[in-house]
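Right, one structure below, let's go through it.
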There are 2 protein chains.
Amino acid sequence: MSTKRAKLEQREKRIIAAARTVFLKHGFNKAKMSQIADAAALAEGTLYLYYKNKNAIVKAVVVDHWRQITDEAQDALSKTKDSFAQLQALADYHLTMMVKHWRVIELGYVLYYSRSDDAGENAGVDFKRTYAALFDRIIERGQDKGHFTNELSLPFLRDLFYGTLEYAARTLVLHNKPEDIDTNVAQLMAVLRPHLSENVPTDTGDDKAVLKRLERAVRKLERLH
Amino acid sequence: MSTKRAKLEQREKRIIAAARTVFLKHGFNKAKMSQIADAAALAEGTLYLYYKNKNAIVKAVVVDHWRQITDEAQDALSKTKDSFAQLQALADYHLTMMVKHWRVIELGYVLYYSRSDDAGENAGVDFKRTYAALFDRIIERGQDKGHFTNELSLPFLRDLFYGTLEYAARTLVLHNKPEDIDTNVAQLMAVLRPHLSENVPTDTGDDKAVLKRLERAVRKLERLH
DNA sequence: TGTATATATGAGTTAAACTCATTATGATGA
DNA sequence: TCATCATAATGAGTTTAACTCATATATACA
C-alpha cells in the first residue's frame, strides 16, 4: 500500500532533482524536457504523468527549494530567543542562501512572468509564503514582548527586509563579492534597529567634557568611511 | 539622407509600440511574433531585420520603458533643490510608476531568467542603469553639500531604496491597494532620514541627542572590528 | 495463474520561432 | 524619364522542442 505511494513520491523527487540540475546548468529556455527525462532515467512522456508541463516542473523545483530553505532557516533561528538577534540571524541566513543559490532565485522569475499563462491553473506566486511568515513571526513576537516598537507597518517592514536583501544579493553576485554579506547585513540591522528597539534612554550624569572629546574622535573616525 | 534613417527609426518605434501592446496584453509566452507583426503592419520576417529574436524585442520594449521613465523622473526631481526632498520625490515617482506599469516590470524578469541564452550577445541586465544613477547623484550631491552622512555605503543604500520599493509595489499590486503609495513612501523616508540627515547636535544641554549619535557611531565601529 | 488496473514508453503531432530565396522599393545618374 | 543597382520586405518553408496518445509493460488481487 504505502510502498506504492512511496515509490511514486520517490519518482517525483527524482524528477525534481533531475530538473533542478538541468535548469541550473542551462537556464530555463535552453533546458530541454528530453534532458530532464534522461537525467531522471525516464521516458519523456513519463514526465507528463507527474507534471502538466515544463512550467509546472520549474515551479516544483522552486517551491521545493524554498521549502528546504524554510526548514533550515527555522533551525538557524532556534539558536537564540532574542528577537533582534533572530532577525539578524534570518537576514544573514537569507542573504547567504540567496548569494549561494542565486540561479534558483532567477528561476523563480520564470514563475512571475509566466503567470496568467493558463488562466486559473497557475495560481498566484505563493512559493515563499511560509518563508516570509518567519519574518512576520519574529516581528510580532518582538512586539508582544515589548521589545519592538510598531511604528512601521508589518507589510512595509517585510518588503524592506526581503526587498533590500534580494537587491543586495543581486549586487553581490553581479560583482562577485560574497565576502560583503556581513557588511550588508550589518547595515540593514543598523537601519532597522532604531525602528524596532524600544530605546532605553541612556542614564545621565555623564561628563560633558568626556562627551565633547568622544564626539571629536567619532567625527574623525566617521570621516574615514 | 536623413529621411531614410528617420524612416527606419520610425519603423523601429512602431515595432516596439506594437510589441509592447501585445506583450502587455498576453504576457511574454502567449505573445506570438505573428501578432506583433500584424500589430506593426509588417510581415513576420521583417521583424527579424530589426531585432535578432523575440528576446531582443522584449528587451527593447523594457529598455525603452526605462528610458522614458528616467526622463520623466528627472523632470520630477528638478522641482526642488533640497536633497532629501528630491529623494522623497524620486521614491514617490518610482513607486507610482511601478504600480501603474507593473506588467512592464514583470516583463523585465524575462531578461533576468533568459540571460545566458546565447553566450555573449545578451550582455548583462543593464537596463535601469541610468535610472539607478539618478539615486546615486542625489545621494552624492547631498553628501557633498554636507547634508547627508555617509555612514551607509552607496551600493547598500541603492539596494535598500530600489529593493524596498519593488517589493512594496508588488505588495500593492497584489492586494490592489494603490492608495497606500504615500504611506509606503513615508515609511521609507522615515527609515532613511536618521542615516542621511546630518543632525549636528548642539552640544549645549542636548545630551540625549549627542549620546544617541555617539552610540550609533560606536556600534558602527564595533561592527567593523 | 489470469485478469484488471495502473504506469511507462517513445514515435508521432503540432505550434511557433526563425530562415532565406524571391520580390518590391527606392535612390542615383545619364 | 528610364536603366541599374542597392537596400528593404515578404511569406512559404524549415526546424526545433513541447506535448500527446496508442501501445506495451508492470503490478495488484482473486
Show the atom names and distances, to 0.1 Å, of all donor-acceptor pairs under 3.5 Å that link a side chain in residues 11-23 of chain B to residues at least two apart or in another chain.
from	atom 1	to	atom 2	distance (Å)
B:Arg14	NE	B:Ala40	O	3.2
B:Arg14	NH2	B:Ala40	O	3.0
B:Arg20	NH1	B:His65	ND1	3.3
B:Thr21	OG1	B:Ala17	O	2.9

- Between B:Tyr112 and A:Tyr109, what is the ring plane arrangement, given parallel below 30°, perpendicular above 60°, and tilted in between? tilted
- Do nucleotides 9-22 of chain D as a string where each nucleotide becomes B, S or -: B if the base has a protein heavy atom under 4.0 Å, S if just the sugar-phosphate does, - if no protein is that close. BBB-----SSBB--
- Query: Taking CD1 from A:Ile15 and C1' from C:dA8, how many angstroms apart are they, rounded to a whole number?
  - Reply: 11 Å
- Query: Which class fits the ring pair A:Trp66 and A:His94: parallel under 30°, tilted 30 to 60°, perpendicular over 60°?
  - Reply: tilted
- Item | Any residue meeting side-chain contact (heavy atoms from CB on, under 4.5 Å) with A:Ser34, in chain and number order, not counting sequence neighbours | A:Lys32, A:Glu44
- Using only heavy-atom distances, determine whether the side chains of A:Asp159 and B:Thr171 contain a donor-acceptor pair under 3.5 Å. yes
